[in-house]
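First the structure, in the form of structure tokens, and then the observations on it.
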Protein chains: 2
Amino acid sequence: MTKTAAVLDSNTIIESLRDAGYRVTAPRQAIVEALTGFERAFSADDLLQHLSASDPTVGRATVFRTLDMLVSLGLLDRLHAADGCHSYVLAHSQSRHYHHLICNSCGVVVPFESCNIEALYPAVSEETDFQVSGHMLELFGLCGSCRA
Amino acid sequence: MTKTAAVLDSNTIIESLRDAGYRVTAPRQAIVEALTGFERAFSADDLLQHLSASDPTVGRATVFRTLDMLVSLGLLDRLHAADGCHSYVLAHSQSRHYHHLICNSCGVVVPFESCNIEALYPAVSEETDFQVSGHMLELFGLCGSCRA
DNA sequence: ATCCCTGCAAAGGCTTTGCATGCCA
DNA sequence: TGGCATGCAAAGCCTTTGCAGGGAT
């Protein structure tokens, strides 16, 4: 149990990449390093700008390709906020079920695990004649700091 | 109680437009007529293509402007599906709380009202120290026809 | 008669693609 | 060495904006 339990760090991500058969290259390492530094959701462009100041020059295309790759490996989550639909956050866990809670004021994103949406399935099934198999949920609110 | 209860029809939408102070123009009528014909979520482009065959020529800009207007009036819902983030469905109700259930197979969208997400708020608040104030939920599954 | 609304076309973002070169394994 | 990965630039979408003319009220 480390200080920030269950949050992926750059080494773990790089290892996952390698395990999945992808090559560990300098641009990919720079991208992974950068995205573990974000505390809130970031866009491809945020990442691009952040990287423009870093060691290796990373091309636009590489950023998009790497983001897609990380999402497909479950290492990165795509956020579907009300306004911007294309932002990303580091995945919280690859094994446990969780969702995101987003602060309306500062934009910080935290995961939460207490989700009993599946309890809704029977009622919804009955109401709609659907066989429900999945859900997408995001909560909004105010974080502790912003309330203060 | 009509056959398809609580679903907005084109006349109701047009009246709401008028009530909100917007002018009732031919392009707007054509757009409203077209979108009440869709059974599943549609994109701006779907609408545009559908309209290219209709009576008045409706410009791209007008379609986007009208969609935004209808969404802001609560007559149209923006859907945030996993893949495409920019599709629309006719609003189900302007007063009641509901969400969308989307068929993974045919894409049909139906609303459902049995949502007790708010019951989650206390547990999530305690877990995260957020003051939760809203949520976004979408369910996925198989509709009756697709199961058959 | 007002001035909101429209179409057109151009501009603007964001994302993807093609291709020759580079570099990890 | 082989072939995945990269950068660059161009192309591709999708959406918005500017503007002069048109139509609803």
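Proteins get letters first, then strands, A, B, ... in listed order; numbering begins at 1 in each.
The nearest whole Å value for the distance from the CG atom in D45(B) to the P atom in dG12(D) is 16 Å. Distance CG (L17(B)) to P (dT25(D)): 11 Å, rounded to an integer number of Å. Regarding L67(A), its CG atom lies at a distance of 13 Å from the C1' atom of dC14(C), rounded to whole Å. L48(A) places its CG atom 14 Å from the C1' atom of dT6(D), with the value rounded to the nearest Å. dT6(C) atom C1' lies 13 Å from atom CE of M69(B), rounded to whole Å. Rounded to whole Å, the distance from CD on Q29(A) to C1' on dC23(C) is 13 Å. Atom-to-atom, CG of D19(B) to P of dT25(D) comes out at 12 Å; the value is rounded to the nearest Å. Taking atom CZ of R78(B) as the reference point, atom P of dT15(D) lies 9 Å away to the nearest angstrom.
An OP1 or OP2 oxygen of dT6(D) is reached within less than 4.0 angstrom by a side-chain nitrogen or oxygen of T25(A).
The aromatic rings of Y98(B) and H92(B) sit perpendicular, their planes meeting at an angle over 60°, well past the 30° parallel limit. The aromatic rings of H99(B) and H135(B) sit tilted relative to each other, their planes meeting at an angle between 30° and 60°.
Projected onto DNA chain D by closest heavy-atom contact, A44(B) and R18(B) fall at different nucleotides, the more 5' of which corresponds to A44(B). Nearer the 5' end of DNA chain D, as judged by each residue's closest nucleotide, is the contact made by R65(B), out of A26(B) and R65(B). When each of R23(B) and R60(B) is assigned the nucleotide of DNA chain C with its nearest heavy atom, R23(B) is the one assigned upstream, toward the 5' end.
Looking at N11(A) and E15(A), their side chains never bring a donor and an acceptor atom within 3.5 Å of each other.
Side-chain atoms of H86(A) lie closest to dT15(C) of the nucleotides dT6(C), dT15(C), dT17(D). Across dA9(D), dA5(D), dT6(D), the shortest atom-to-atom separation from the side chain of A61(A) is found for dA9(D).
Atom CZ of residue F42(B) and atom CG of residue L76(B) lie 5.0 Å apart, to the nearest 0.5 angstrom.
Note on R28(A): only backbone sugar-phosphate atoms sit closer than 4.0 angstrom, heavy atoms only; bases stay farther off.
Between D68(B) and R78(B) there is a salt bridge, with a side-chain nitrogen of the basic residue lying less than 4.0 Å from a carboxylate oxygen of the acidic one.
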